[in-house]
Amino acid sequence: MVLLDLRDGRREGPRPTRIKAVYGVLLAITLYHAALTFRWLHLPGFYDLADMLFGRIGLSIIRALGWRG
């Protein structure tokens with residue numbers, strides 16, 4: 001999208017920059033999740049990141065919501 005807009009000379013036309021940024025973030029999250037799922041990367045998963053960021057509080061919230069990790 002960005003390349004097509006630059007080629008056409010549009011900067012903030014029908015697809016504003018913030019929408020492109022949101023799509024970029026969503027694509028990055030999707031690729032990260034796919035890389036973990038297919039074991040292309042050996043990085044911490046989402047539960048491990050929650051544990052590292054929030055400690056015991058994050059794990060207790062996950063347990064309270066009934067998710068299995």
If Ile, Leu, Val, Met, Phe, Trp and Tyr residues are connected whenever their side-chain heavy atoms lie under 4.5 Å apart, and connections chain through other members, are F38 and I29 in the same group?
->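 No, separate clusters.
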Output the distance between atom CG (L31) and atom CG (L27), rounded to the nearest 0.5 Å.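 Spacing of CG (L31) from CG (L27) equals 4.5 Å.
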Quick check on F54: does its CZ atom have over 12 non-hydrogen neighbours (other residues, nucleotides or ligands) under 6.0 Å away?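 Counting other residues, nucleotides and ligands, CZ of F54 stays at 12 neighbours or fewer.
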